[in-house]
Amino acid sequence: MIRGGKNYVSSPPAFSNDTKRLLVCSGNAVSIFSTATGLLITSLEGHTALVTAVVVAPATSSASKILCYCWTASLDGTIRYWDFSVPELIKTIDIKFPIYSMVIPSILSQPAENNEKPAKIFAYLSVEGTKEPEKQSKALCGQIRKCNLTDSRLVGGVTLAETKQPELITISSCGKYIGIRIKRKLHIWKVPSADSDRTMAKKITLRHTKNMTVTAFHPTQRILAAGDVTGRILIWRGYGNRTFAIGDGGRSVNNEEERPGVRGNDDADCCTTWHWHAAEVNTLFFSSDGAYLYSGGKEGVLVVWQLDTGKKKFLPRIGSPLLYFTDSPDPSLSSISCADNQIHLLKMPSMEILKSISGIKLPCSFPETYKGLCSGVAFDNNAGLIALRTENYSIQLYSLFDDRGISEVQVCERNHHPGDDVTVVVTLVTLSLDGSMMITTEVKLAEEGLGGLVCLKFWALGSDNRKFSLSTVVYEPHRDAGISSIAFHPTRCMAVSSSYGGDFKTWVCNNGIQRRDQVLTSSRWTCHAVASYKKKPMTAATFSYDGSVLAVAAETVITLWDPDKNVLVAVIGETLTPIVSLSFVGKSEYLVSASWGSKPQLSVWSLSKLSISWSYRLHVEAIASAADLSLFAALVFLPKSSKSSESNETIFRGRDGVILIFNAADPVPSATWLVNKAKGGALAFLQVNQSSVEENMFDGKPLGSLLAYINGDHEYILFEPHGKEANELGTIKQEAVPDLEEAGKFGYASIYGELPESNLKRTQTSAVVPFVPSEKLLETMFSGSSHNLPPLTKLCSAFLESLLEKRITVSD
């Protein structure tokens, strides 16, 4: 089982003492990357909820730089101490409260002399506390608590602050000051030099006219920087001179005229304001020598301010909003974390990007009109790659086996700016079976009803197998109608695009393009044929496994075509709502479809009988078919009504989706798994490369096929559907699943409705467990497809005879 697709930018990362490793909070674990290669080395696994903080124990001497110890905190309410060179868990502290932020001032201060007893280590935590039941009207109750890490316990009776929600704690590099921001106020505490359970930290408060978003402490002087929601940066100098000055040699300034920019009676000498950012400031950080201040925000630009003069220089065009700036023990190396799930390693002070750690792109937002019309995920089933749409009009190619980004294809040029409206939507992307070709569709949004444009683009993989290059651009391929689906022919350079305008087109490529292992020359795509069916919108299309049949959904019916001759072969079925997805089930005779709308439906069609085989009323998010088997998987989104009862809640355990594995000929699923975040998810059967046996061992044996599930947050898991590890996903026992929706009706009932006088008894089964008729003649004679039943005139006598009781005559 392989898991991946974690968020690398949920919390600030941390460098190791030798700067050779970067520790990154990633979901329930901490991933450790090499700063030289940007590749994953190992991970710290043990937390059961999101890891929110990682703190590396600093080296106290040059010889101790080889030591690799760190503290981690999580929403599971535990603090863990690790040796991350092994890696090995050394200590666990359970405080019973979800931890949102953690700082440890004790390990940043000067170490004790050899003849002195080591001081106890204290951490300051931002936790979600609990209140009495009558006070639980608010969802969150934040507290700043003190924890004795040496004795593994919270310090009783010490709560530095209570907030409406947990806040991020900021700490100075020397560990003397900590602070939090609460809307327009900054609360700052001076940590006692000899910290203990009973000592209390002194506190001051600084105020501003706008809500503040981030703070930073100067490494050597009493200078504090804060950014607000309008993009301004405030610099307080001499903060705490009245409150913290005792024993520090500070001076007190009481004359308000000598404290420009300071509000009211705030404890600071002066406050100055800088303004460059157009939107809120997300990150602030002072350089190790205190001469420069780094700032970043939604513009995707890193700004370097000279503290004494206010002069600035820039690292522009990073391409995504900045979240965190992290320095390392080596002044020449730093990192910036970006909202597109990337961490860039910077060479300082030139700010050159040395390496990038690319996580999977997070889901992007689209205009409401296009949310249901976009299919933003495509799989390369042989190479284990996935293609995803990104915010900046790009396609990211991501390796599911290696859990890292491979490359990005810029579909449409865009310079990132926070004020820009979305003007282009990449609606569809698909990859050819061998991964050598790609098709994308994009829609340029109309401005005030003018200027809308649909574009179809064909891409070819370069000879180095790394980057796609644009091959052909087709503007308005279906006049002004939107494109509903695109699909590649499995063996030839042919593709199909269907449109809501009532037609579909097949496209062919000249012989210039070759397969992945051959030389690539110039190529172009041209329209081979165009067809329609009764002017109905064409909503989905797919090729059979050998490409001999093209299936195109015309709203609620399925049309079968000969793709070479462009001839209609057959028309089958009719669903209650429009079909949005089609898939041939391997090499079998079955075709599976999914319909959305007020009456969603999962249907399996028999091509030999040209009729429906079985169906369920289910909302299916995705369908995947195995290449060589008659198996297919369906990702079902569970409606809220199905989880409302207590018994159902116990079974579903708060999850909103289920994966079903079917043999196409059998309506009873062979396996089921409960999953989270099914909305917007995707499925695929991946072919494992047998040449890499060590990497592809599951349950101790090599595999030929894995099922990949990626959820709505782009987290994914790869597993063998019938392997032992698949049980970890939460297998459902079929007899325990409650009724979700009524299954599809068959035979007589599908035409004329249920028989009121028969008093049929239906067992409590779920939508994933089909209706199985009993052995009574009355209940079995009308089951099956209505297309295959004999005429009613022939069934009438058998039907009436089943209702009558036979009387046996006895002759004398």
Side-chain angles (χ1 to χ4, degrees), residues 8-9 11-26 30-44 53-71 84-85 107-108 170-175 214 216-220 282-296 300-307 312-320 322-359 404-405:
Y8 293 156
V9 295
S11 299
F15 284 92
S16 62
N17 291 317
D18 58 4
T19 69
K20 293 182 179 180
R21 281 160 286 191
L22 183 69
L23 284 69
V24 179
C25 299
S26 54
V30 175
S31 300
I32 303 176
F33 293 89
S34 168
T35 57
T37 63
L39 299 179
L40 181 67
I41 300 174
T42 186
S43 60
L44 308 179
V54 55
V55 180
V56 174
T60 56
S61 63
S62 57
S64 62
K65 287 186 177 182
I66 61 173
L67 299 179
C68 301
Y69 298 103
C70 70
W71 296 89
F84 59 86
S85 62
I107 62 177
L108 298 176
T170 306
I171 187 171
S172 62
S173 59
C174 61
V214 65
F217 289 94
H218 193 279
T220 58
N282 290 336
T283 182
L284 284 175
F285 201 91
F286 283 97
S287 61
S288 57
D289 60 1
Y292 298 95
L293 175 67
Y294 301 95
S295 67
V301 177
L302 181 64
V303 185
V304 185
W305 304 81
Q306 192 174 35
L307 194 60
K312 49 190 176 293
K313 62 179 181 178
F314 308 92
L315 174 61
R317 290 186 286 276
I318 298 175
S320 180
L322 307 186
L323 299 180
Y324 312 110
F325 183 94
T326 307
D327 70 338
S328 72
D330 182 358
S332 65
L333 183 65
S334 298
S335 75
I336 50 174
S337 302
C338 301
D340 62 352
N341 208 20
Q342 283 196 105
I343 300 176
H344 301 291
L345 300 176
L346 303 180
K347 180 181 180 181
M348 304 303 289
S350 63
M351 296 190 295
E352 175 189 355
I353 297 179
L354 300 175
K355 291 287 180 181
S356 294
I357 299 172
S358 299
R404 63 185 181 93

- Item | Y324, OH: over 12 other non-hydrogen atoms inside 6.0 angstrom | yes

- Query: Side chains of S335 and P13: does their closest heavy-atom pair fall under 4.5 Å?
  - Reply: yes

- Query: Out of C25, P12, S11, which residue meets the side chain to side chain contact (heavy atoms under 4.5 Å, CB included) rule with V54?
  - Reply: C25

- Which heavy atom of L23 sits nearest a heavy atom of V56, and at what distance? CD2-CG2, 4.2 Å

- Message: I want to check something: taking the side chain as every heavy atom from C-beta on, are R21 and S85 in contact at a cut-off of under 4.5 Å?
- Response: yes

- Query: Between the side chains of S16 and D18, does any donor sit under 3.5 Å from an acceptor?
  - Reply: yes

- Under a 4.5 Å cut-off applied to non-hydrogen side-chain atoms, are D327 and M348 in contact? no

- Could you grab the distance from atom CH2 of W305 to atom OH of Y292, nearest 0.5 Å is fine? 14.5 Å

- Should N282 and V214 count as side-chain neighbours, where that means a heavy-atom distance under 4.5 Å? no

- Answer whether the closest heavy-atom distance between the side chains of L345 and F15 falls below 4.5 Å. yes

- Look at the rings of F325 and F285 and say which category their plane angle falls in: under 30° parallel, 30 to 60° tilted, over 60° perpendicular. tilted

- Let me know which of I343, T326, I318 forms a side chain to side chain contact (heavy atoms under 4.5 Å, CB included) with I336. I318

- Task: Could you tell me whether the side chain of I353 reaches within less than 4.5 Å of the side chain of L346, counting heavy atoms only?
- Result: yes

- So which pairs with a foot in residues 283-295 pass salt bridge (Lys or Arg N to Asp or Glu O under 4.0 Å), sequence neighbours left out? none

- Check the pair T35 / L354 against side chain to side chain contact (heavy atoms under 4.5 Å, CB included), numbers first and verdict last. CA-CA 9 Å; T35 57; L354 300 175; over 6 Å; no

- Query: Between P219 and S288, what is the shortest heavy-atom contact and its length?
  - Reply: CG-O, 3.7 Å

- Message: Does any part of the side chain of L108, heavy atoms only, come nearer than 4.5 Å to the side chain of S173, both counted from C-beta?
- Response: no

- Note on the structure: d(S350 OG, K313 NZ) to nearest 0.5 Å is 8.0 Å

- Item | Atom of R404, atom of L39 and distance for their closest heavy-atom approach | CD-CD2, 3.9 Å

- Can you name the one residue among V304, L302, V303 that meets side chain to side chain contact (heavy atoms under 4.5 Å, CB included) with F314? V303

- Query: If every non-hydrogen atom of I107 is compared with every non-hydrogen atom of V55, which pair is closest and at what distance?
  - Reply: CD1-CG1, 3.7 Å

- Item | Smallest separation among heavy atoms of Q342 and S356, with atom names | OE1-CB, 4.2 Å

- Query: For the residue pair T19 and P329, what are the closest heavy atoms and their distance?
  - Reply: CG2-CD, 3.7 Å

- Output for pair (I66 CD1, K20 NZ), nearest 0.5 Å, gives 10.5 Å

- Query: Is the shortest heavy-atom distance from the side chain of T42 to the side chain of I32 under 4.5 Å?
  - Reply: yes

